[in-house]
There are 2 protein chains.
Amino acid sequence: MALLDLLGRRWTMRVLWELRGEPLSFRGLQAACSGMSPSVLNQRLAELREARLVEAGEAGYALSAHGRELLSLFGPLNRWAEDWARSLHG
Amino acid sequence: MALLDLLGRRWTMRVLWELRGEPLSFRGLQAACSGMSPSVLNQRLAELREARLVEAGEAGYALSAHGRELLSLFGPLNRWAEDWARSLHG
DNA sequence: CTCCGGTGCTACGATAATCGAAGCATACTG
DNA sequence: CAGTATGCTTCGATTATCGTAGCACCGGAG
């Protein structure tokens with residue numbers, strides 16, 4: 001899975017996750033990721049744009065059609081993660 | 001998502017992925033990840049065991065029930081990743 | 001025009017994560 | 001005993017990430 005290479009880097013999935021709603025500006029995205037370094041954010045955005053998962057538009061950075069598809073697969077993952085977190089220290 | 005913290009570390013998802021089939025020994029797992037450092041592998045295994053996603057048994061390291069649940073969510077992800085990879089350089 | 005606040009992004013030294021190879025301790029086999 | 005396999009540790013080198021500062025640009029206000 002080449003996808004795991006891309007996603008298995010710090011902040012990558014987090015960035016996708018933060019873009020699940022409205023488009024965000026560079027600085028907005030940085031704030032949403034609670035202070036991630038701009039150098040890394042820029043690097044991730046470049047990778048994600050090259051992978052056609054994110055695109056830069058008028059309103060800022062947003063998920064592409066592919067990106068939205070991918071994120072929709074995160075939905076079940078998120079629901080599962082909540083149960084799992086509860087069962088861990090619950 | 002606390003899960004993203006765990007998965008957003010190098011090799012974490014790869015390790016889970018390589019354990020999708022039979023249990024693997026430490027060195028087998030290292031080889032399956034094509035030469036990942038044993039120090040990091042050991043660290044990841046510790047994290048995954050603490051997260052109750054992987055457990056060490058007789059036959060080596062294997063997914064726990066939770067781990068198998070999580071990996072089953074990777075199935076659609078994998079199918080999607082193949083289409084996506086094809087559409088990228090296809 | 002200048003100034004101000006916003007933008008996307010870069011530079012760079014400091015810190016943390018990862019690598020790669022070697023080796024240790026143990027157990028089993030012959 | 002030697003040989004082979006195991007899980008795992010150590011340590012110096014390399015790479016990734018951090019954190020802060022700052023650049024270049026743009027639009028609006030004065």
Side-chain angles (χ1 to χ4, degrees), chain A residues 1-64 66-68 70-71 74, chain B residues 1-64 66-68 70-71 74:
Chain A
M1 271 231 257
L3 181 66
L4 293 191
D5 246 41
L6 181 60
L7 297 185
R9 275 135 130 147
R10 207 162 180 192
W11 295 114
T12 307
M13 288 195 292
R14 175 69 176 270
V15 166
L16 290 175
W17 182 252
E18 297 297 346
L19 288 178
R20 86 199 99 104
E22 304 170 353
L24 287 175
S25 70
F26 188 96
R27 281 162 137 98
L29 203 41
Q30 188 182 358
C33 294
S34 67
M36 123 185 232
S37 284
S39 44
V40 183
L41 174 54
N42 189 42
Q43 197 177 330
R44 291 296 171 270
L45 284 173
E47 294 163 0
L48 287 171
R49 276 189 288 183
E50 190 175 4
R52 311 279 183 199
L53 296 175
V54 163
E55 51 196 16
E58 272 298 307
Y61 291 98
L63 295 177
S64 70
H66 277 133
R68 277 190 297 274
L70 176 55
L71 210 70
F74 279 23
Chain B
M1 271 232 255
L3 180 66
L4 292 191
D5 247 40
L6 181 60
L7 297 185
R9 275 134 131 147
R10 206 163 181 189
W11 296 115
T12 309
M13 289 195 292
R14 175 70 175 270
V15 166
L16 290 174
W17 182 252
E18 298 297 346
L19 288 177
R20 85 200 99 106
E22 303 170 352
L24 287 174
S25 70
F26 188 94
R27 280 164 138 97
L29 204 41
Q30 188 182 358
C33 294
S34 67
M36 122 184 234
S37 285
S39 44
V40 182
L41 174 55
N42 188 43
Q43 196 176 330
R44 290 296 171 272
L45 283 172
E47 293 164 359
L48 287 171
R49 277 189 288 183
E50 189 175 4
R52 311 279 182 199
L53 297 176
V54 163
E55 50 198 15
E58 272 298 308
Y61 291 97
L63 295 177
S64 71
H66 277 133
R68 278 189 297 274
L70 175 56
L71 211 69
F74 279 23

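To find a chain, count down the sequence lines: A is the first, B the second, and so on, and within it residues start at 1.
Contact check, A:Asn42 against C:dG8: no side-chain N or O comes under 4.0 Å of OP1 or OP2. Between B:Trp11 and C:dC19, a side-chain N or O to OP1/OP2 separation shorter than 4.0 Å is present. Applying the 4.0 Å criterion to OP1 and OP2 of D:dT17, one finds that A:Arg44 has a side-chain N or O inside that range.
The nearest whole Å value for the distance from the CG atom in B:Leu45 to the P atom in D:dC8 is 7 Å. One atom, CG of A:Leu24, and another, P of C:dC9, lie 14 Å apart when rounded to the nearest Å. The distance from atom CG of B:Leu41 to atom P of C:dA17 is 17 Å, rounded to the nearest whole Å. Following rounding to the nearest Å, A:Gln30 (CD) and D:dG22 (C1') show an atom-to-atom distance of 14 Å. Rounding to whole angstrom units, CG of residue B:Leu29 and P of D:dA5 are separated by 18 Å. For A:Met36 and D:dC18, the CE to P distance is 6 Å, given to the nearest whole Å. Rounding to whole angstrom units, CZ of residue B:Phe26 and P of C:dC24 are separated by 17 Å. One atom, CZ of A:Arg10, and another, P of C:dT15, lie 16 Å apart when rounded to the nearest Å.
B:Arg68 is not listed as a side-chain neighbour of B:His66, based on a closest heavy-atom distance of 4.5 Å or more. In this structure the side chain of B:Arg44 reaches within 4.5 angstrom of the side chain of B:Met36, judged on heavy atoms.
A salt bridge does not link A:Arg52 with A:Glu50: every distance from a Lys NZ or Arg NE/NH1/NH2 to an Asp or Glu carboxylate oxygen is 4.0 Å or more.
Cation-pi check for B:Arg14 over B:Trp11 is not met; the charged atom does not lie both under 6.0 angstrom from the ring centroid and within 45 degrees of its normal.
Here A:Ser25 lies in heavy-atom contact (under 4.0 Å) with sugar-phosphate atoms only. Counting any heavy atom pair closer than 4.0 Å across all strands shown, A:Arg14 reaches no nucleic acid atom.
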**OP:** Show your reasoning for whether side-chain contact (heavy atoms from CB on, under 4.5 Å) applies to B:Leu48 and B:Tyr61.
**Re:** CA-CA 11 Å; B:Leu48 287 171; B:Tyr61 291 97; over 6 Å; no

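Heavy-atom distances to DNA chain D give each of A:Arg9 and A:Pro38 a nearest nucleotide, and the one nearer the 5′ end belongs to A:Arg9. With the nearest nucleotide of DNA chain C identified for both B:Gln43 and A:Ser39, A:Ser39 has the one nearer the 5' end. Between B:Arg27 and B:Val40, the one whose closest nucleotide on DNA chain C sits nearer the 5' end is B:Val40.
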